Amino acid sequence: MSKVLCSVATRGRYFTTLPLVLNAIINQTKPVDKLIVFDDNDEPQDMRKELIYSYFFQMLDAKKIAWEWRFAEKKGQHHIHQHANMEGFEWVWRVDDDAVPEPNVLETLYSHVDESVGAVGGSVLTPPYLPDTGAVTGLIDNIDKEPNIQWGNIYVTKQVEHLHCTFLYRAGVCDYNLSLSRVAHREETLFTYSLHRKGYQVLVVPNAITWHMKNPQGGIRSETKQEMYEHDEQIFRNVLKYRDHTIVVLSSGLGDHIVFSHVLPDVRNPLVFTCYPEVIQGRPISEAIQLFGDIEGHNIYRKMDQWKWQDSLENAYRKMYL
Amino acid sequence: MIIISPYAQKLRNGKQNPKNYPYWEELISLIDEPIVQIGIEGEKQLVPDFRTNLPISALRELLWQCRTWIGVDSFFQHLGWDEGVKGIVLWGPSDPLIFGHPENINLLKDRSCLVNNQFLWWEATEHRNDRFVEPKEVIEHLKNF
């Protein structure tokens, strides 16, 4: 059975919704293999001194669930999720610090996992707003026209193209877009859409309800700068605009370009950004940064390091772009 | 004519690139045919015919004029492979199974000479002469071309 990491990114919610979330995670019918709480508070506290938290930690120990309280970098939750994504687990169940899952959620989500699945989400209900999402498609093209499918009760399993808030996902396959601002607007949409683009099924499933106790304080709602949302929205729109292309960013050496030139003919509808146009024609790297923000996900050396790669550089490029 | 491409990219910290072969002078002294060195301005000149800052197209043409080439783990070993001109690559701390091409002759002294993490900046790796094969071994392979 695959190992599941549960990651919780928290900010400003020590004494409101976070304890409810942790209690819900501890009491899942399918226990997680490890829980990491990423503490992104501006002034982090030692929660071992808090009575309720000390009980939580003892409950985790008693249930033999590994846990870690990790102080985060204060760059936003997308950076936190990327850390969780690369922890070496096959699956990550990401739970927001104001989203309280019912006890069967992980068990239900996990029951839908197979080799073809990239992510599974359930309902994320925020009463009193409970729209009927029975006819919602969950397709990226309809993102401006319909409510998110997870906002309502889900009665049948459905394949969609993006998820939000909280879900179980296949780790280490796609990266979070780290160029988003601290508000990380659209981060989960971009991430789950990238899993869909990679060829994995993204599913919403019934009988997996999480109660979203939206809290006006804490989380990304601590940030109010409109320009951050606009910045992130622009990146999201550019990803959609160029989605029919395979975006290739070669911010690497001359030799790497030469090797990649043997891969390029097999890349589907490539849009190439290059350092050496005399080897591979394309647009300048600066344009890629302007359009998509983060290009670190295209760093083939970082990827090979993550993959503990032992095959050829050419095959690493093939894994990345084919 | 033989092309030599003796140096890998300069490091940002000014230290010697750990992929640079340390015995070029001795190796060159054992080669009894014309040698063209390619590289960039500022690199140490090892033979009279040193051609610097050639564009890729000129390097490709030069490859077709040579009997073979000898280089280190730099862009040139990829260029030779790309042109289908077989050469000898002198490996040190980087892994020919990852960065090399089986079409070339890849001379690695021992896999114990490789650094553990192949994907970090080379600035973090010290240059060590004992990672590389001796010139006599290179000459034996050169004779077999």
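Reminder, nothing fancy here: chain letters follow the sequence lines and each chain counts from 1. No experiment lies behind these values; they were computed from the predicted model shown. Hydrogens, waters and symmetry mates are skipped; everything else that's a heavy atom, side chains included, is used.
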Contact part of His257(A) toward chain B, heavy-atom cut-off under 4.5 Å: side chain, backbone, both or neither?
neither

Considering only heavy atoms, which portion of Asp305(A) lies under 4.5 Å from any heavy atom of chain B: side chain, backbone, both, or neither?
both

For the residue pair Leu254(A) and Gln9(B), establish whether any side-chain heavy-atom pair is separated by less than 4.5 Å.
no

Residues in [range] near chain A [non-hydrogen atoms, under 4.5 Å]:
range	answer
residues 30-43 of chain B	none
residues 70-91 of chain B	Phe75(B), His78(B), Leu79(B), Trp81(B), Asp82(B)
residues 105-133 of chain B	Asn117(B), Phe119(B)

Could you check whether atom [atom1] of [X] has more than 12 heavy atoms from other residues, nucleotides or ligands sitting under 6.0 Å from it?
X	atom1	answer
Glu278(A)	CD	yes
Gln65(B)	CD	yes
Gln310(A)	CD	no
Lys136(B)	NZ	no

Under the side chain to side chain contact (heavy atoms under 4.5 Å, CB included) test, residues paired with Ala66(A) that sit two or more places apart
Lys34(A)

Measuring from atom CD1 of Ile98(B) to atom CG of Asn315(A), what distance do you get when rounded to the nearest 0.5 angstrom?
11.5 Å

CD1 of Ile258(A) to CD1 of Ile56(B): how many Å apart, nearest 0.5 Å?
5.0 Å

